[in-house]
Protein chains: 2
Amino acid sequence: MKDNTTDQTLCPVARAETEVGDRWTVLVLRELFARSHRFEEIQAQTGATPQMVTARLKKLEEDGLVERRVYNKHPLRHEYHLTEKGEAFFPVLLALRAWGEAWCKSRKEGRAVNYTHLTCGKAAGLGPVCESCGEPIHRNELAAERAPKYQRERDARWEAFKASR
Amino acid sequence: MKDNTTDQTLCPVARAETEVGDRWTVLVLRELFARSHRFEEIQAQTGATPQMVTARLKKLEEDGLVERRVYNKHPLRHEYHLTEKGEAFFPVLLALRAWGEAWCKSRKEGRAVNYTHLTCGKAAGLGPVCESCGEPIHRNELAAERAPKYQRERDARWEAFKASR
DNA sequence: GCTTGTCACTATGAATTTCATAGTAATATG
DNA sequence: CATATTACTATGAAATTCATAGTGACAAGC
């Protein structure tokens with residue numbers, strides 16, 4: 001995609017959007033952060049078609065956010081993992097999550113995931129700083145726990161996906 | 001767009017992406033945060049076609065991020081402004097900017113915009129907390145200054161846009 | 001040794017979206 | 001009365017997306 005407005009600009013937002021400015025791409029990244037490393041898990045949980053997943057993973061790899069790791073030869077099978085650049089995207093996803101929780105859901109729907117801030121042992125809240133201790137949140141100092149309802153939703157998606165094959 | 005994976009999920013990221021999961025949408029929001037409130041400014045600076053701008057603004061209005069304000073009757077003319085929900089999106093853009101500056105540009109290209117943290121009077125850095133005083137950054141406590149190179153880029157885009165009509 | 005299952009995709013074609021180019025409508029300005 | 005300003009709309013070709021189906025390589029069970 002040649003693109004004079006985003007490739008040749010100094011604007012970091014435009015630059016970023018050429019790499020992650022797509023719904024499926026962000027959903028794939030969400031899954032990688034959620035430790036879904038296999039193609040089928042990503043496909044099932046994002047709801048994308050296999051072509052979409054293939055295309056996004058390929059582009060993410062080209063852009064340096066994702067790397068493939070062989071976990072099986074014969075047949076050749078890969079797992080997808082975040083690189084340093086991919087891991088660095090976490091604050092964006094955290095901010096997007098905070099906005100989504102605050103502005104895209106009714107109050108009675110609960111949180112999908114609750115984070116515990118491991119450095120202080122208490123609830124981290126929505127960030128960017130821990131609501132319990134005030135320190136900036138880093139992904140490696142976080143323990144995630146899915147709300148039962150959200151966990152069930154994911155389990156159901158996986159079952160539905162497997163059943164449809 | 002009926003969408004069983006993003007409309008019916010508890011995941012705030014998926015919810016958010018149905019509203020802002022698109023390159024043009026994010027670029028339009030960037031312009032609104034940059035205080036471009038007129039249709040043509042947005043069109044010129046994003047590089048989108050008028051249909052794209054129309055469609056995104058309409059959707060953003062429907063989703064409650066943007067409101068139209070009449071600034072002229074006869075002919076009827078509107079300006080586009082962020083609502084509270086739209087303003088609340090700022091941390092996402094800030095995080096995206098930080099990631100873009102850090103990972104989508106070569107070191108020798110400078111920053112596009114530098115922020116001064118008004119509460120401490122010093123450089124705010126890339127956030128989410130002020131690099132000078134450590135406090136969380138809020139948009140209304142920030143003064144933005146465009147790098148001369150970036151300002152020239154924007155001026156040139158505006159000139160090119162006007163010349164092409 | 002043959003069927004069934006697993007995993008990661010690819011193939012196909014219709015439907016939708018995007019893009020470039022051009023044009024319109026209402027009014028102000030010189 | 002001609003030109004400029006502003007905010008769009010129209011059109012059709014090109015590209016992308018989607019749903020549905022299928023493939024290839026192997027493992028595991030019987």
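Heavy atoms only: backbone and side chains are in, while hydrogens, waters and symmetry mates are out. Letters go in sequence order (proteins before strands), and every chain restarts at 1. Keep in mind that this is a model prediction, so the values were computed, not measured.
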Completion exercise
Per nearest nucleotide of DNA chain C, the residue lying toward the 5' end, A/Arg77 or A/Pro50, is A/Arg77
Problem - Presence of A/Trp24 side-chain N/O under 4.0 Å of D/dC18 phosphate oxygens OP1/OP2 - result: yes
Problem - B/Glu62, CD: over 12 other non-hydrogen atoms inside 6.0 angstrom - result: yes
Practice task
Please report, rounded to the nearest Å, how far the P atom of C/dT16 is from the CG atom of B/Asp22.
Solution key: 18 Å
Handout entry: Whole-Å gap separating C1' (C/dT6) and CZ (A/Phe161)
Key = 11 Å
Exercise for the section: Could you tell me the separation between the CZ atom of A/Phe39 and the P atom of C/dT6, rounded to a whole number of Å? Expected result: 17 Å
Exercise for the section: Taking only the side-chain nitrogens and oxygens of B/Tyr80, find out if one of them lies under 4.0 Å from OP1 or OP2 of D/dT6. Expected result: no
Handout entry: Of A/Gln151, A/Arg152, A/Arg146, the residue whose pairing with A/Pro148 passes side-chain contact (heavy atoms from CB on, under 4.5 Å)
Key = A/Arg152
Practice task
Starting from P on C/dT18, measure out to CG on B/Leu27 and report it in whole angstrom.
Solution key: 14 Å
Exercise for the section: To the nearest Å, give me how far apart CH2 (B/Trp158) and C1' (D/dT5) are. Expected result: 10 Å
Exercise for the section: Can you label the angle between the B/Trp99 ring and the A/Phe89 ring as parallel, tilted or perpendicular, going by 30° and 60°? Expected result: perpendicular
Fill in the blank from the handout: note: A/His37, atom NE2; C/dA8, atom P; distance rounded to Å ~ 13 Å
Problem - Nucleotide D/dC8, atom C1' - distance to CD of B/Gln43 in whole Å - result: 9 Å
Practice task
Determine, stepwise, if the pair B/Lys149 / B/Glu153 fulfils salt bridge (Lys or Arg N to Asp or Glu O under 4.0 Å).
Solution key: CA-CA 6 Å; B/Lys149 193 174 169 190; B/Glu153 180 190 315; over 6 Å; no
Fill in the blank from the handout: Picking from C/dA8, D/dC26, C/dT27, the nucleotide nearest the side-chain atoms of A/Pro75 would be D/dC26
Exercise for the section: Starting from C1' on C/dA11, measure out to CD on A/Gln51 and report it in whole angstrom. Expected result: 8 Å
